[in-house]
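One structure is given below, encoded as structure tokens.
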Amino acid sequence: MGFVTGMVAGLQRHALDPAPLLAGLDIDPADPARRVPLDRYATLYNRVITELDDEGFGLFAQRMPPGSFEFLCRGMLGAPSLAEGLDRARRFLAIVLPDLAVSIWRSGHHAELRITETRALAPDADAPARVFAFEWLLRLIHSLSCWLVGRGLALDSVDFPFARPAHADDYALVYTERSAFIGGPVLTARFNATLLELPIRRDEAALASFLDGAPGRISMLYRRDRATVTRVRDLIRHALPASLSQDDVAAQLHMSPRTLHRRLDEEGSSFRTIKEALRRDLALSRLTKTGHSIARVAADWAYAAPSPFSRPSPGGTALSPEPSPRQLAGGLPPTPAERP
């Protein structure tokens, strides 16, 4: 319920009663233990924006005009990679949301998304309006990035610039279980830098469908119900050319191999499936970029023979023994480990 309390804080700042917007949604901010279904939360999200004529919920010094979210999406859509898309988002948000500055930092295999308060959003650092402002912008950027690349993107950890709120237990599902509350003016979200190299996969047709129900719809996307698959895949890829075992990965995720197996099974995958799908994807990428023969690529990626490229793989994708130029140029659909 804490997310709802923060969302309607802007209404109260403008002396508006949130009760009419809550009507019919069975949402009672006075009942903090009550869970709010995502579809009702998304409906309230859009109602508040419409009432205030402000996609920033009335929380900032400058109104965020309706249509800002759409143009944020369109600006990121044509980028060749997530890194470029986030840089475009940074520049656009500096225009429409100057109270919070977005920046991306990269050092080796580590990257950070930082959201910095450039103007005090509230006298009290732990005020619901200020807490929600940071929660909302991180959720917006993260979920939109996930949608644009067509897969969940694991956050390794997040430092939030306020005291632990009453609804912090929900952060494990919305953001990451490694959430810290440190105060100060900067939110820092850490993730694997290789994710910045992912290509933008969505097109105008997909965007037209996505914008139906937006921007509230963003709140319904990419909860961390497949986060383990994503994190395992990223760890394996980051370790290449070394080959990690399931025990190695479990240790890095601070869980037992049995727990890792169970979580992957709950998400409809397995360690072997993820590993084979990743090897296949990298091998196919090598084929498209280098023009090397299938036999050479198979040898490079430790396949005993080129047969994995001529029969369905664990991910369900197959190529003929000698893929045509159209197959190579056209790419492949995302593997099960990459689908949201």
Side-chain angles (χ1 to χ4, degrees), residues 76 79-91 93-94 100-116 134 137-139 141-146 148-161 171 175-182 184-201 222 224 226-255 260 271 274-275 277-286 288-290 300-302 334-335 337-338:
M76 297 180 71
S81 67
L82 180 59
E84 173 62 24
L86 287 171
D87 188 61
R88 294 182 184 186
R90 173 190 64 80
R91 287 178 283 161
L93 290 169
L100 292 174
V102 175
S103 58
I104 303 294
W105 296 80
R106 181 172 184 169
S107 177
H109 297 295
H110 304 284
E112 294 180 355
L113 166 68
R114 300 178 186 175
I115 301 174
T116 302
F134 281 102
L137 188 54
L138 175 59
R139 178 81 170 132
I141 295 171
H142 182 225
S143 294
L144 182 54
S145 296
C146 290
L148 286 166
V149 302
R151 54 168 285 190
L153 303 173
L155 297 176
D156 294 330
S157 66
V158 181
D159 291 343
F160 290 92
Y171 281 28
Y175 306 108
T176 172
E177 67 274 13
R178 293 182 176 83
S179 296
F181 304 93
I182 63 172
V186 183
L187 180 154
T188 303
R190 302 175 184 87
F191 56 97
N192 193 312
T194 59
L195 298 178
L196 294 171
E197 300 166 6
L198 293 172
I200 301 297
R201 291 182 169 176
Y222 292 96
R224 299 181 62 256
R226 285 183 60 81
T228 307
V229 168
T230 301
R231 298 187 71 189
V232 168
R233 186 180 191 279
D234 290 342
L235 284 172
I236 295 172
R237 181 168 185 165
H238 173 65
L240 292 172
S243 178
L244 295 182
S245 68
Q246 183 165 324
D247 289 354
D248 294 332
V249 171
Q252 291 193 43
L253 294 177
H254 307 288
M255 64 180 70
L260 175 60
F271 186 80
I274 295 169
K275 200 166 188 177
L278 178 59
R279 291 170 69 203
R280 186 200 65 241
D281 289 351
L282 293 173
L284 289 170
S285 177
R286 178 77 63 84
T288 61
K289 292 179 179 179
T290 67
D300 288 345
W301 290 101
T335 69
E338 294 177 319

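Just the heavy atoms: all of them, side chains too, but no hydrogens, waters or symmetry mates, feed the values below.
- Annotation for Val249 and Val232: closest pair CG1-CG2, 3.9 Å, computed over non-hydrogen atoms.
- For Ser157, the side-chain hydrogen bond (donor to acceptor under 3.5 Å, both in side chains) partners two or more places apart in sequence, or in a different chain, are Arg190.
- Interatomic distance, Ile141 CD1 to Cys146 SG, rounded to the nearest 0.5 Å: 12.0 Å.
- Judged by distance alone, the side chain of Lys275 and the main-chain N or O of Ser245 form no donor-acceptor pair under 3.5 Å.
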(request) Go through the steps to decide whether Trp105 and Ser107 satisfy the test side chain to side chain donor-acceptor pair (under 3.5 Å), and finish with yes or no. (result) CA-CA 7 Å; Trp105 296 80; Ser107 177; over 6 Å; no
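- In terms of heavy atoms, Leu155 sits closest to Ala189 at CD2-CB, 4.4 Å.
- Nearest heavy-atom pair across Leu198 and Val149 is CB-CG1, 4.1 Å.
- Counting only heavy atoms from C-beta outward, the side chains of Leu93 and Leu100 never approach each other to under 4.5 Å.
- In plain terms, the two heavy atoms of Gly85 and Ala79 that are nearest each other are N-CB, 3.4 Å.
- Residue Arg90 holds its CZ atom at 9.0 Å from CD1 of Ile104, rounded to the nearest 0.5 Å.
- Separating the OG1 atom in Thr194 from the CZ atom in Arg233 is a distance of 9.0 Å, to the nearest 0.5 Å.
- With contacts defined as side-chain heavy-atom distances shorter than 4.5 Å, the pair Leu235/Asp248 does not qualify.
- The two residues Pro185 and Pro161 have their closest heavy-atom pair at C-CB, 4.3 Å.
- The two residues Gly108 and Ala193 come nearest to each other via the heavy atoms O-CB, 3.6 Å.
- A 4.5 Å side-chain heavy-atom check between Leu113 and Val102 finds at least one atom pair inside the cut-off.
- Arg237 and Asp234 are not joined by a salt bridge, as no carboxylate oxygen comes within less than 4.0 angstrom of a charged side-chain nitrogen.
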(message) side chain to side chain contact (heavy atoms under 4.5 Å, CB included), that's the test. Do Glu112 and Asp159 meet it? Break it down for me.
(response) CA-CA 11 Å; Glu112 294 180 355; Asp159 291 343; over 6 Å; no
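- Ring-plane geometry between Phe160 and Phe181 is classed as parallel, the angle between the planes falling under 30 degrees on a 0 to 90 degree scale with a further cut at 60.
- A distance of 11.5 Å separates CG of Leu148 from OG of Ser81, quoted to the nearest 0.5 Å.
- Using a 4.5 Å cut-off on side-chain heavy atoms (C-beta onward), Val158 and Leu187 make contact.
- In this structure, CG on Leu86 lies 4.5 Å from CE on Met76, to the nearest 0.5 angstrom.
- Between the OG atom of Ser243 and the CD1 atom of Ile236 there is a distance of 8.0 Å, given to the nearest 0.5 Å.
- The shortest distance between side-chain heavy atoms of Leu260 and Gln246 falls below 4.5 Å.
- Not a single side-chain hydrogen bond (donor to acceptor under 3.5 Å, both in side chains) links Arg178 to another residue, sequence neighbours left out.
- Side-chain contact between Leu244 and Gln252: present, with at least one pair of heavy atoms (C-beta onward) separated by less than 4.5 Å.
- Between Leu153 and Phe191 there is no side-chain heavy-atom pair separated by less than 4.5 Å.
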(request) Could you check Asp156 against Arg231 for side chain to side chain contact (heavy atoms under 4.5 Å, CB included), going step by step and ending with a plain yes or no? (result) CA-CA 8 Å; Asp156 294 330; Arg231 298 187 71 189; 4.3 Å; yes
